[in-house]
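Take a look at the structure set out below.
Remember, it's a predicted structure, so these values are computed and weren't measured experimentally. Any value given below was found using the heavy atoms of this structure, including those in side chains, with hydrogens, waters and symmetry copies removed. Each ligand, and each atom within it, is numbered from 1 in the order the structure gives.
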Amino acid sequence: MHRARKRFGQNFLQDGGVIYSIVALINPASSMHIIEIGPGLGALTIPLLENLDQLDLLEIDRDLVAFWNQQNLPGLKVIEGDALQFDFLSWAKNRPANSGLCKVVGNLPYNISSPLLFHLVDAANEIDEQVFMLQAEVVERIVAKAGSSDFSRLSVMLQARYHMEQVLEVPPEAFDPQPKVNSAVVRMIPRTDFNLSSAQWASLEKIVAAAFSQRRKMLRTNLSTYAQRLSLTESELKARAQDISVDRYIEWAKALIA
Ligand code: SAM
């Protein structure tokens, strides 16, 4: 019997209806190339595998890795490792010939969700879709629109790279043990119109971090070092970071290193 480990964010899904809905959203089909981050005891793994020729699992907990290796299920490949260190780009590139859509899915450990979402950006060129359960508050932040108080550095960076929608809300009772917070499922599809070079992406990171460094302050203050080079308008100088659209941040990131 496995005892849930807090340090690995182990809250296991147990609500059949929620499990069914998430698997339906992932929509597994035989030839897809899918990796599940954190299979735990298999709430999603087993129903996913029923519809796939092959499923890759990435799990940090050695006991759970041993558990999955003992199952010896056909089509299952178990990788022991830390998702924050894992090379998703190579994984995505090394898909079998004739494989279908490439997806990264999982009910993520909430303690690492933001750094993990940033880490996955490096592989976005090769990935068709990500479906993740996250803390509801994080999902609200990443899908928030400019002008809303939830609009943050995370919203700008992820919206610059993905189309995202919140697709399901999940209460604590759906898990065992129950987390203290509400959860939500987000679908993330890499934008096909994304055209930033890595230098431009780094520039976007820099300018967005500066803009949001003091949320209540005007951009006149937060972007004082860049204001002239970016020719900020008078109304932009008086605006706060949360009022600027993702497209405008992208324009600034490009202008900064042009
Ligand atoms: N998928 C299962 C479910 O829905 O019941 C378990 C979800 S549980 C919220 C998170 C899972 O991620 C656990 O299995 C945990 O051991 C694993 N995990 C935690 N940190 C990880 C990391 N850095 N890399 C890979 N897996 C991790």
Side-chain angles (χ1 to χ4, degrees), residues 1-28 32 34-52 55-71 73 75-92 103-123 127 129-139 142 167-188:
M1 186 61 195
H2 181 81
R3 291 221 358 234
R5 294 200 165 100
K6 219 172 168 181
R7 71 175 187 283
F8 292 143
Q10 292 179 352
N11 300 97
F12 299 118
L13 260 176
Q14 53 158 11
D15 182 309
V18 171
I19 293 168
Y20 178 87
S21 301
I22 297 175
V23 172
L25 282 165
I26 296 169
N27 197 13
M32 277 180 191
I34 302 196
I35 188 162
E36 184 190 1
I37 300 174
L41 293 168
L44 300 173
T45 316
I46 298 299
L48 284 173
L49 190 58
E50 278 167 12
N51 296 284
L52 292 167
L55 173 61
D56 294 345
L57 304 180
L58 176 58
E59 176 58 67
I60 198 169
D61 185 329
R62 279 187 190 175
D63 292 346
L64 291 174
V65 170
F67 165 81
W68 286 108
N69 281 329
Q70 274 161 20
Q71 307 293 309
L73 294 172
L76 211 57
K77 185 173 142 203
V78 189
I79 305 163
E80 179 179 341
D82 180 351
L84 290 173
Q85 307 293 331
F86 186 71
D87 184 351
F88 288 96
L89 184 61
S90 301
W91 169 83
K103 301 193 183 191
V104 183
V105 305
N107 169 12
L108 298 187
Y110 296 163
N111 49 349
I112 60 161
S113 53
S114 299
L116 184 54
L117 293 174
F118 274 112
H119 177 61
L120 278 157
V121 167
D122 292 343
I127 286 168
E129 189 178 39
Q130 298 178 167
V131 177
F132 294 137
M133 172 109 72
L134 301 168
Q135 202 173 320
E137 196 193 299
V138 175
V139 175
I142 65 182
V167 276
L168 192 70
E169 283 179 60
V170 183
E173 303 79 63
F175 302 85
D176 182 27
Q178 294 186 12
K180 290 200 177 73
V181 293
N182 285 319
S183 303
V185 177
V186 64
R187 187 206 297 277
M188 308 172 70

Distance under 4.0 Å to a non-hydrogen atom of [X]: what atoms of ligand 1 satisfy this?
X	value
Asn11	7 (C), 8 (S), 9 (C)
Leu13	3 (C), 4 (O), 5 (O)
Asp82	22 (C), 23 (N), 24 (N)
Ile112	22 (C), 23 (N)
Ile60	18 (N), 19 (C), 20 (N), 21 (C), 22 (C), 23 (N), 24 (N), 25 (C), 26 (N), 27 (C)
Ala83	22 (C), 23 (N), 24 (N), 25 (C)

Nearest protein heavy atom to [atom], by residue and atom, and its distance?
atom	result
atom 19 (C) of ligand 1	Phe8 O, 3.0 Å
atom 4 (O) of ligand 1	Asn107 ND2, 2.8 Å
atom 16 (O) of ligand 1	Glu59 OE2, 2.5 Å

Shortest heavy-atom approach to atom 2 (C) of ligand 1 - which of Ala43, Pro39, Gly42: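 Going through Ala43, Pro39, Gly42 one by one, Pro39 has the nearest heavy atom to atom 2 (C) of ligand 1.
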
With atom 8 (S) of ligand 1 as the reference point, say which of Pro109, Gly38, Gly9, Gly40 has the nearest heavy atom.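 Nearest option to atom 8 (S) of ligand 1, by heavy atoms: Gly9.
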
What salt bridge (charged side-chain N to carboxylate O under 4.0 Å, His left out) pairs are there with at least one residue in residues 172-183, not counting sequence neighbours?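 For residues 172-183, and leaving out neighbouring residues, there are no salt bridge (charged side-chain N to carboxylate O under 4.0 Å, His left out) pairs at all.
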
Using heavy atoms and a threshold below 4.0 Å, how should the contact between [X] and ligand 1 be classified: side chain, backbone, both, or neither?
X	answer
Leu84	neither
Glu36	side chain
Leu116	neither

Does Gln71 have more than 12 heavy atoms from other residues, nucleotides or ligands lying within 6.0 Å of its CD?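 Enclosed: over 12 neighbouring heavy atoms sit under 6.0 Å from CD of Gln71.
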
Distance, nearest 0.5 Å, that separates [atom1] of [X] from [atom2] of [Y]:
X	Y	atom1	atom2	value
Leu55	Met32	CG	CE	12.0 Å
Arg187	Lys103	CZ	NZ	7.0 Å
Ile35	Lys77	CD1	NZ	7.5 Å
Phe132	Leu120	CZ	CG	5.0 Å

Results of side-chain contact (heavy atoms from CB on, under 4.5 Å) for Asn51 - residues two or more places apart only: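 Checked Asn51 against side-chain contact (heavy atoms from CB on, under 4.5 Å); matches are Pro28.
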
What do you reckon, does Gly81 put a non-hydrogen atom under 4.0 Å from ligand 1?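 In this structure, Gly81 qualifies as a contact of ligand 1 - some heavy atom is under 4.0 Å.
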
Partner of Pro39 under side chain to side chain contact (heavy atoms under 4.5 Å, CB included), chosen from Leu48, Leu57, Ile46: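 Among Leu48, Leu57, Ile46, the one that satisfies the side chain to side chain contact (heavy atoms under 4.5 Å, CB included) with Pro39 is Leu57.
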
For the residue pair Ala43 and Ile19, what are the closest heavy atoms and their distance?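 Heavy atoms of Ala43 and Ile19 come nearest at O-CG2, 3.3 Å.
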
Side chains of His2 and Gln10 only: does a donor on one sit below 3.5 Å from an acceptor on the other?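 His2 vs Gln10: donor-acceptor pair found between side chains.
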
